[in-house]
There are 2 protein chains.
Amino acid sequence: MSMANTAQFDARGRSRGEDVRLKLIEAAIEIFGRHGFEGASTRALSQRAGVNQQAIPYYFGGKSGLYLAVADHIAERLKALIGPVGARIGLRVAADHTPKAGKTLEAAEARALLIELLETMAGVLVNEEAASWARFIVREQMEPTEAFERIYEKIMARLIEAARGLIAAIVREDPSSEAVRLRAVALIGQILVFRVAHAAVMRQLGWQKIGPRELDAIHTVIRRAVGAITPANALMSAP
Amino acid sequence: MSMANTAQFDARGRSRGEDVRLKLIEAAIEIFGRHGFEGASTRALSQRAGVNQQAIPYYFGGKSGLYLAVADHIAERLKALIGPVGARIGLRVAADHTPKAGKTLEAAEARALLIELLETMAGVLVNEEAASWARFIVREQMEPTEAFERIYEKIMARLIEAARGLIAAIVREDPSSEAVRLRAVALIGQILVFRVAHAAVMRQLGWQKIGPRELDAIHTVIRRAVGAITPANALMSAP
DNA sequence: GTCTATAGTCGGATAGAC
DNA sequence: GTCTATCCGACTATAGAC
């Protein structure tokens, strides 16, 4: 046993360094989300993570490196949670673009998939973990940096695109048209508002947290919103 | 002229002190909105306002006092811009609660009023001034402080209440029911998303800013969303 | 590979001149 | 009433011990 310390591993098979990295990232999501980049001190970050303050420059090259690592981590987690559904829908929509016998995406199927997509997104939002992600992301929306770029490219853009494909199939319009894009944004807005206008929504609805019961309520909103998507002329023909 | 300097007035009849106060508040909306409370330095605040750094402790008792003053200022401006419409609608809804001959609020009128209310809100959001208000408010939603309290009580709660009254009149339900509250939140979410998921929306729609043309697009969304509000059983009876 | 100590910078607020 | 000068605390990152 004369060898110098090489990487040590914990019970879950993570090397010591990986463990410290992860602890820091998790603490950082919370603190950056609540206080912003400048408002988060490396002292607070390392203390909450329970690691040495110097682990930040060591592992991430500095506070900014940690910030970007947080963005990548969030994008990664979101992709893991929503990505599979999004990808599956993406494929289904793509198949519709090169229509072969029996492959056409009918409105009913598109509606079902859209509900599935939105409910998956809502399910993620409900997660308490998502509350801290949301704080981080919303800050980036206000004053986007490189971190926003990464999250947007890695997951957001794909999800919105999938939603657009489905909406296009329902209303029979071009998925790249502004009309479809607007519908997609409005649809997602109805879900996002629960996280983003968090304080106001909680008060309005008398909610303490967003849990299973509250998720049900959001599902109602989703189903109604998807049900309300109809081709423009169909709307006009209503009484 | 042996008297000591008393208050001096500028061309617009504002005393010097008032002028400095206002300059600081305007600079602070921008900087607090972008960088958060901790991220904003009193040096940056005073420099942008073009006033001395010591004006902050002098006029506002400190950085936190300036922060709260910003909240009050925003609430005040919002109230001035949206309040009249909200109040008028509030009265109309209240009249419906004590129905007398010819006073009943019919669905058609409620829809028209709801569109008016939402379009007014959207109009405020379009305003470039609102971009900075939005940044400030959204931060407060994530991590509410006393500042959120003030804005919520002074204007937000009233607007949501007005919207609820109108929705209730359309769907013929209790304005305090969760169903109506949910509809109100979802409805407002469709507008808010344009400011709140700002970076993502701009990219999705290829917009550079939210101007008159973009406002028209949002109006389309509003009219469609209000049109989609129907009593639950009416929805069921659709083909 | 991880820690303690510290250097250098920038933060907000107070004191006192004008 | 408004400015300049300055204090002291808190910040991040580096250097070097273990």
Side-chain angles (χ1 to χ4, degrees), chain A residues 1-25 27-28 30-32 34-70 145-147, chain B residues 1-25 27-28 30-32 34-70 145-147:
Chain A
M1 295 302 195
S2 64
M3 283 185 71
N5 278 356
T6 59
Q8 288 158 9
F9 296 83
D10 70 1
R12 285 202 291 277
R14 270 201 310 251
S15 73
R16 179 103 198 269
E18 273 309 303
D19 185 54
V20 171
R21 279 182 67 93
L22 203 61
K23 275 185 187 162
L24 268 170
I25 285 175
E30 193 62 29
I31 297 189
F32 281 137
R34 288 195 186 275
H35 304 288
F37 180 76
E38 298 98 335
S41 72
T42 54
R43 281 178 173 77
L45 292 165
S46 52
Q47 192 175 341
R48 185 179 178 116
V51 304
N52 193 274
Q53 195 184 349
Q54 275 51 43
I56 294 168
Y58 184 79
Y59 286 109
F60 300 96
K63 194 174 148 181
S64 343
L66 175 55
Y67 190 80
L68 286 178
V70 164
T145 69
E146 166 74 18
Chain B
M1 291 302 199
S2 64
M3 281 186 74
N5 277 357
T6 60
Q8 289 159 11
F9 295 85
D10 71 2
R12 284 203 291 276
R14 270 201 310 251
S15 74
R16 179 98 197 271
E18 273 309 303
D19 185 53
V20 170
R21 280 183 66 93
L22 203 62
K23 275 184 186 163
L24 267 171
I25 285 174
E30 193 62 29
I31 296 189
F32 281 137
R34 287 194 186 275
H35 303 288
F37 181 77
E38 298 99 334
S41 72
T42 54
R43 283 175 171 82
L45 291 165
S46 53
Q47 192 174 342
R48 183 176 179 118
V51 304
N52 192 275
Q53 194 185 349
Q54 276 51 43
I56 295 170
Y58 185 78
Y59 286 109
F60 300 97
K63 193 175 152 182
S64 343
L66 175 55
Y67 190 80
L68 286 178
V70 164
T145 69
E146 165 74 20

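In what follows, chains carry the letters A, B, and so on, assigned in the order in which the sequence lines appear, proteins first and then strands, with residues in each chain numbered from 1. What you see is a predicted model; the values in this text were computed from it and never measured.
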How many Å lie between [atom1] on [X] and [atom2] on [N], as a whole number?
| X | N | atom1 | atom2 | answer |
| --- | --- | --- | --- | --- |
| B/Glu38 | C/dG12 | CD | P | 11 Å |
| A/Arg21 | C/dG1 | CZ | C1' | 15 Å |
| B/Phe32 | C/dG12 | CZ | C1' | 12 Å |
| A/Phe37 | C/dG11 | CZ | P | 14 Å |
| B/Ile31 | C/dG12 | CD1 | P | 11 Å |

side-chain hydrogen bond (donor to acceptor under 3.5 Å, both in side chains) against [X], all qualifying residues, sequence neighbours excluded:
| X | value |
| --- | --- |
| A/Glu146 | A/Arg150 |
| A/Arg21 | none |
| B/Ser64 | none |

Would you mind telling me which residue lines up with the more 5' stretch of DNA chain C, B/Thr42 or A/Arg43, judged by nearest nucleotide?
A/Arg43
Salt bridge (Lys or Arg N to Asp or Glu O under 4.0 Å) involving B/Glu38 - partner list, sequence neighbours excluded:
none
Test: side-chain hydrogen bond (donor to acceptor under 3.5 Å, both in side chains). Region: residues 51-62 of chain B. Which pairs qualify, not counting sequence neighbours?
B/Thr42-B/Gln53
Identify, residue by residue, the members of residues 44-63 of chain A with a heavy atom below 4.0 Å from DNA chain C, and return them in order of residue number, or none.
A/Asn52, A/Gln54, A/Tyr58, A/Tyr59
Indicate yes or no: at least one non-hydrogen side-chain atom of A/Thr145 is less than 4.5 angstrom from one of A/Tyr67.
yes
